[in-house]
Amino acid sequence: MGETFVRRSTAAMLFLISVLAIVCVAMLVLLLAPDWRPNGSHGGGGPTDVEIVGSQVGSTTRPPRLTAGPTTPEPTEPWEKKYRIPRATLPHHYDLYLHPDLDTGEFTGRVRILVGVTQPMDYLVTHIKEMDILSTELVNEASGKSVELMDSFEYKPNQFWVLRPKTILQPGNYTINLSFKGPLDGHIVGFYRSVYTTKAGEKRSIATSKFQPTDARRAFPCFDEPSFKSTYKTTLVRPSQGYIALSNMPVEKETPNMPRGGLTEVEFQYSVPMVTYLACFIVCDFEYVETKTQDNKNFRVYATKDQINRTQYSRDIGVHILNYFEDYFEVDYPLPKQDMIAIPDFVSGAMEHWGLITYRETSLLYDDRGSSSYNKQRVASVVSHELAHMWFGNLVTLEWWDDLWLNEGFASYIEYKGVASYETDWDMESQFVVNDLQRVFTLDAQLSSHPIVQEVNHPDEITEIFDAISYSKGASVLRMLENFLGNEDFRLGVRNFLRNNKYGNAVTKDLWDELEKTSSEKVKVGDIMDTWTRQMGFPVLNIKTANSGKIEVRQERFLADPDAVSPNDSKYGYKWDVPVTFITNLNQNTKQLWLYRSMGKLLVDKPAGSTWIKFNADQRGYYRVNYDEQMWQELIAALKTDHEALAPADRAGLIDDAFALAQSGRLPYDTVLSLVSYMDKERHYLPWDVVTSHLSSMARLLRKTKAYSYLRKYIVNLVKPHYDRVGWEDTGSHLERRNRLNILALACSNGYDPCLNDAYNKLKLWTNDANYFIAPNIRSIAYTYGMRKAGINEWDVMLDRYVNEVNAQELSKLREGLANTKEDWIAQRWLLLAQNETLVRSQDYFSALSSLAAKPWHTHIIWDFVKNNWDALVERFSLNNRYLGRMVKSVTTRFTTEQQLKEVSSLLFYTFYSYHIKHSLIRSIYGLKFAHLLAGFSATFLP
C-alpha cells in the first residue's frame, strides 16, 4: 500500500523482461565472443575467495559493456577438453621445499611428485596458478632415468602444467620434478603475505596459506582435487632470528644457515595421507600457549605477541572438544599434534588445515574485557566446527565437490555438541534453531535455492556451494535424521562411516548405508534422506481438524513468494518423507508418525481432553507448520496462560513460522501479532531473538509506508517494560547477556528516547575519557546508537581509536559505530577511507560497506558507489568473488521503490554472467515483492 511501491504485476513483468533480456544478451555475446569465459577472464582464472590486487577503487560512469573478442580455436587436446586431472594418474607423495621471502614478497620452491600411472598415457598434468615454472623433469622410477619430453607448458584455461613425453608412458611410477616461483602479495588465498602492526607501531610480515577449495595450486604444482590424497615431506625456509615455521606435522629437524646465512631450513615429519587443500605452511614470529590432549599430544594456540594473552579460552575449550570428539566418534585423533593459529589477514572465519587450523582473529581470540558474550560463543563454535573437521572432512574427505555438505553440514551440526559439552549452560541444542535452522529457511524458500547434493560441472562453480545450504541446511537435516533415527544409532553409524572410510574419500550414499546398517528400527535412511538432500526447498505441513475429529496433516512446498510457480524439475515432485512429531499439553513426550511423499494426507488422533497440540516438537524437523484458525488460537491461549509449558525452541519456532507464513500470504498478520502479544512475559533469549529479527525486517520494509510510525509505536510498547527490566548493567547468565542486546537494539532502533539518550551518554563519556570502560556486551549498542546522536567530534575520536586498535573484535564494533553517523558527508568520508587497505583490511571491506548500506539514510550512498565503481570493484575482487555478490545483495534487499527495481534489473542485465551477482539480485527482486506484500498488510498497524 502506498504509491512508492511497485505493483505486483508490474514487478513480475519487469522481472520477466529482465530475464528475457539476459537470455538474449547471453546468446548474442556467446555468439560474438566464443573465447569469453564465465569467470570473466581469458586466462581461465578459477574461483577464489577475496582476491586483492592492491588497486584502489576508482570511478566509472556506467556498468561495463560486453564486447566481442577474438575467436578461440575449438579444444582438440585432452588437457584442453577436460578440466579434471585423469583418474589414471595418482599422486602418491610430495617432497616439497618452499622459501617465502618476506622482504621481496615472493616465494620460490621445488617439488618432487611421485605419480602412479595405471594405463598408458601420452601426457601428464598438474595444477598451477599464477606461478612461473622454472624447470621440469620427468623420471621413470623403475629405471631411475629421465624421460625425454617433447614439451612442457602452461595451459591457463584449465590451470594446468602439461608434460608431453616423446614416448607413451607405460603403467608404473614416475616422479615429476618441478622448480617454481610465485608472488606472496596481491591476494589473501593460496600462499600469501600478511602484515600486521604491533602496539609499538612496528609493521611485521608473516607468510601463511589458505587453500580450500582450489588454491593449493597457487603455492606449489599439485593434483588439486579432493579425490587425490597423498603424503607430504615438507621443508620450509624461515629467517633464523625471531621466526618459527609451522606445518601440518611436527618439526623433525632444523638446519641453520641454509640455504644461506641468516636463514634456517625446517624439515617436518612425514605426513599422513591428505588432500592438497589441507596442507598448510606458515612462517611467523608468533608465540604460543599449550596444553596436552588426553593422549598426551601437544595442543597449542598461536598468536602475535600482543595478543597471546587472549588465547587461553580457545586453548582450554579446544583441547576439551578434541578429547570429546575422540570419545564421541570412537576414532583416535590421528596426528601427533594439534595447533591453532590466529592470522591477521584471513578471508574466511577459519580453515581446517589438518594439525594446523588457521583462524581469523575474531574467531579464535577472546578476553572478558574486550570481547562480548557473542564473541565468546563465536570463538567456541568456530573452534568446535574446525575440530570436527579433523574427522569429518580430513580423515574422510568428499570424493568431489558435489558432496561438500558431507564436510560442512556435519561439522556445522556436530559443533553444537562440542560446545555444549564444555559450556553446559548455554542451551546450545536450542540455539541451533535460531542460528542455523531458521536462518537457512529464508534462502531455501526461494526458487533460486539449490539441493544439498549439488552437481558441480566446472571448477568455477565450486565456491557457489559454500553457502547456507551446504552448511546450515546440511546440519538441519542431519539433526532431523538423528532425531528420528535415535541418538545412539546415529552415533554408531557415524563411527562406522569414519572407520570404514578413513584416509579415503566418500559420497553421501556411503553415509546413508552405514546409518541404515546401525538403525535398530531398520529405517530406510537413503530413501528418506534423498528427498531432503537431492531436491531443494522444504515443505509446510498444513494442519486442520477433520470432520472425523481427527487431525489432518498435508504437505506442500513452502515458497516465500506467494506468486512463485514451483517448476516440476524434481523427480520427487517436491514432496518429502516427513517425520511428523508433536506434543500436547497432556503429554510432553514427543510422538512421531510418518507422512511419506506417496501419501495424500496423514490422520492423527488428538488426545481426548487436550487443549492444544504443537507439531514439529523441539523444532527438529526441517519444515514449517501452519494450523487452522482454531488451533492457532489454542496455541496463542496456551502461550498467554503459561508460555513455559512450551520449550523455548518450540516458542521460537511458532513465532518464526507465523511471521514466515504471514509474509507468504498464508496467515493474517493479526494472528501473528496476537501470538507475539504474550512476549510481555517472555524472558528467554530464543523467542526474543526471533521477534527482534522479524520486527526489524518489517520496520525496514515498511519504512516508506504510513504504517511505519504505528509499527514503531507497537514495537516500543512491546519492548519498553523489558528495557526497564534489563537496563544497561552487564549482568546475568550468558543467554541473559545476549538477550539484553536484543532488547536494547529494538528499543533504540525504533526511536525510544531513553535508550538513545543512554547510548549517547555512554558514547560521550567514552570519547571524553579514554579510560572510561563500557562493558563489551553493551559496547556495540553504545557505539551504534550513540553515534546517531553524535557529531563529527565524537566520530573523529572513534576513528582515532579505530586506527590504533589491535583487537579485531573491537575493530568490528568500531566499524559498526563509524557507519552509524546520520551525516551524509561523514558517511562519504568513511566510504573513501575504507578503501585504504592499511585502515580497513580487505577481509573487512565488504562488511564495512554493508554496515553503511544497512542504514536507510545511507543506502543510496552505497548504491551509487556500487553503480559508479562497478568496473573497479570487479577488477579488484573478480566477478567470482562471493563476498562481492553478498554485499550487492545486502544493499539491494533494502530497496522498495519502482526506480530502485529498474536499477537492480539494469545491473542484473550487465552482470548475468556472474552466478554470485545474478542470484543475489534475483533474490533481491523477490525481496521487493515481499515488501509489496508487507505493505498490503500495513492496515494491520494503522489505527
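All of these numbers come straight from a predicted model, not from anything done at the bench.
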- For the pair E415 (side chain) and V382 (backbone), establish whether a donor and an acceptor sit closer than 3.5 Å, ignoring hydrogens and angles. no

- Message: Students often mix this up, so state it plainly: with edges at 30° and 60°, are the rings of Y328 and Y324 parallel, tilted or perpendicular?
- Response: parallel

- Item | Between S227 and N505: side-chain donor-acceptor atoms closer than 3.5 Å | no

- Item | Exam field: side chain R439 to backbone A468, donor-acceptor pair closer than 3.5 Å | no

- Which heavy atom in R557 sits nearest to a heavy atom in G537, and how many Å separate them? NE-CA, 4.4 Å

- Message: Check K524 with E516, please: is the shortest side-chain N to carboxylate O separation under 4.0 Å?
- Response: no

- What pairs of residues pass the ring pair (Phe, Tyr, Trp, His ring centres under 6.0 Å) test when at least one of them lies in residues 486-505, not counting sequence neighbours? F392-F497

- Message: With heavy-atom distances below 4.5 Å as the criterion, would you say the side chains of W532 and Y572 are in contact?
- Response: no

- Task: Mind listing the closest non-hydrogen atom pair of W400 and V456 along with its distance?
- Result: NE1-O, 3.2 Å

- Message: What I want to find out is whether R491 reaches E330 closely enough, with some N-O distance under 4.0 Å, to be called a salt bridge.
- Response: yes

- Polar side chain donor-acceptor pair, E386 to Y359, under 3.5 angstrom: no

- Query: Is any side-chain heavy atom of Y669 closer than 4.5 Å to a side-chain heavy atom of M698?
  - Reply: yes

- Under 3.5 Å, is there a donor-acceptor pair between the side chain of W401 and the main chain of I462? no

- Task: Evaluate side-chain contact (heavy atoms from CB on, under 4.5 Å) for T671 paired with I636, printing each intermediate quantity in order.
- Result: CA-CA 9 Å; T671 302; I636 290 169; 4.2 Å; yes

- Contact check, side chains of E352 and M390, non-hydrogen atoms, under 4.5 Å: yes

- Message: How close do A658 and L675 get, counting heavy atoms only, and between which atoms?
- Response: CB-CD2, 3.6 Å

- Between E408 and H385, does a side chain to side chain donor-acceptor pair (under 3.5 Å) hold up when you go through it step by step? CA-CA 9 Å; E408 300 302 347; H385 181 101; 3.1 Å; yes

- Please determine, by modelled atom types, if E514 and N500 share a side-chain donor-acceptor pair under 3.5 angstrom. yes

- Query: Nearest heavy-atom pair of F484 and I528: which atoms, and what distance?
  - Reply: CZ-CG2, 4.0 Å

- Please step through side-chain contact (heavy atoms from CB on, under 4.5 Å) for the pair E482 and D489, ending with a clear verdict. CA-CA 8 Å; E482 182 185 36; D489 285 356; over 6 Å; no

- So, D224 and T276: side-chain donor and acceptor under 3.5 Å apart, yes or no? yes

- Message: Using the side-chain contact (heavy atoms from CB on, under 4.5 Å) definition, which of the options L398, I452, V453 pairs with L404?
- Response: L398

- Task: Please name the pair of heavy atoms, one in N616 and one in V625, separated by the smallest distance, quoted to 0.1 Å.
- Result: CB-CG2, 4.0 Å

- Task: Quickly, which of F329, F410, W354 forms a ring pair (Phe, Tyr, Trp, His ring centres under 6.0 Å) with W391? Name it, please.
- Result: F329

- So, Y622 versus F538, ring centres under 6.0 angstrom or not? yes

- Item | Validation row: T508, R534 side chains within 4.5 angstrom (heavy atoms) | yes

- Exercise: do R479 and Y413 side chains pair donor with acceptor under 3.5 Å: no

- Apply salt bridge (Lys or Arg N to Asp or Glu O under 4.0 Å) to the pair R87 and E225, showing each step before the final yes or no. CA-CA 11 Å; R87 304 297 97 182; E225 296 178 13; 2.5 Å; yes

- Message: Under a 3.5 Å threshold, yes or no: a donor from one side chain and an acceptor from the other, between S449 and D444?
- Response: yes

- Are any side-chain N or O atoms of W576 and backbone N or O atoms of T531, one a donor and one an acceptor, separated by less than 3.5 Å? yes

- Query: Does atom CG of N457 have more than 12 heavy-atom neighbours from other groups under 6.0 Å away?
  - Reply: yes

- Message: I'd like to know if the side chain of K229 pairs up with that of T397 as donor and acceptor (distance under 3.5 Å, no hydrogens or angles considered).
- Response: yes

- Item | Side-chain heavy-atom pair W405, I465 within 4.5 angstrom cut-off | no

- Query: Checking S381 side chain against R378 main chain: does a donor-acceptor pair fall under 3.5 Å?
  - Reply: no

- Within the side chain of D403, is there an N or O that forms a donor-acceptor pair under 3.5 Å with the backbone of L406? no

- Query: Would you call T590 and D618 a side-chain contact if the rule is heavy atoms closer than 4.5 Å?
  - Reply: no

- Task: Verify whether one side chain among Q377 and E423 offers a donor that lies under 3.5 Å from an acceptor in the other.
- Result: no

- May I ask you to say whether E629 pairs ionically with K544, meaning some side-chain N is under 4.0 Å from a carboxylate O? no

- Message: Can you confirm whether more than 12 heavy atoms, excluding those of K575, are under 6.0 Å from its NZ atom?
- Response: yes

- Would you check if R624 and L541 make a side-chain contact, meaning some heavy-atom pair closer than 4.5 Å? no

- Side-chain donor-acceptor contact under 3.5 Å, D689 with T692: no

- How about Q454 and D402: do any of their side-chain heavy atoms sit closer than 4.5 Å? no

- Message: Can a donor-acceptor pair be found, under 3.5 Å and without considering hydrogens, that links the side chain of T581 to the backbone of A617?
- Response: yes

- Message: Which heavy atom of Q619 sits nearest to which heavy atom of D650, and what is that distance?
- Response: N-OD1, 3.9 Å

- Message: Could you tell me if N394 and H353 have a donor-acceptor pair between their side chains, going purely by distance under 3.5 Å?
- Response: no

- Do D656 side-chain atoms and V690 backbone N/O form a donor-acceptor pair below 3.5 Å? no

- Query: Is S470 reaching over with its side chain to a backbone N or O of D467, donor-acceptor style, under 3.5 angstrom?
  - Reply: no

- Given N542, which of R554, E556, E552 fulfils the side chain to side chain donor-acceptor pair (under 3.5 Å) condition? E556

- Message: Does anything in residues 592-604 form a side chain to side chain donor-acceptor pair (under 3.5 Å)? List the pairs, not counting sequence neighbours.
- Response: D577-R597

- Message: Could you go through N626 and D657, starting from their C-alpha distance and side-chain angles, then the distance that decides it, and tell me whether this counts as side-chain contact (heavy atoms from CB on, under 4.5 Å)?
- Response: CA-CA 8 Å; N626 192 11; D657 280 353; over 6 Å; no

- Task: Start with the C-alpha gap between D569 and Y574, add the side-chain angles, then the distance that decides, and say whether side chain to side chain donor-acceptor pair (under 3.5 Å) holds.
- Result: CA-CA 9 Å; D569 58 354; Y574 291 107; 2.5 Å; yes

- Give a yes-or-no answer on whether the side chains of D436 and Y416 include a donor-acceptor pair shorter than 3.5 Å. yes

- Query: Counting N and O atoms only, with roles assigned by atom type, does the side chain of T584 sit under 3.5 Å from a partner on the main chain of L586, one being a donor and the other an acceptor?
  - Reply: yes

- Item | I583 side, atom CD1; N589 side, atom CG - distance, nearest 0.5 Å | 9.5 Å

- Taking atom NZ of K591 as the centre, report whether more than 12 heavy atoms of other residues, nucleotides or ligands fall under 6.0 Å from it. no

- Message: Check this for me: does any side-chain nitrogen of one of K509 and D513 sit under 4.0 Å from a carboxylate oxygen of the other?
- Response: yes

- Check the pair L667 / Y627 against side-chain contact (heavy atoms from CB on, under 4.5 Å), numbers first and verdict last. CA-CA 9 Å; L667 190 67; Y627 304 88; over 6 Å; no

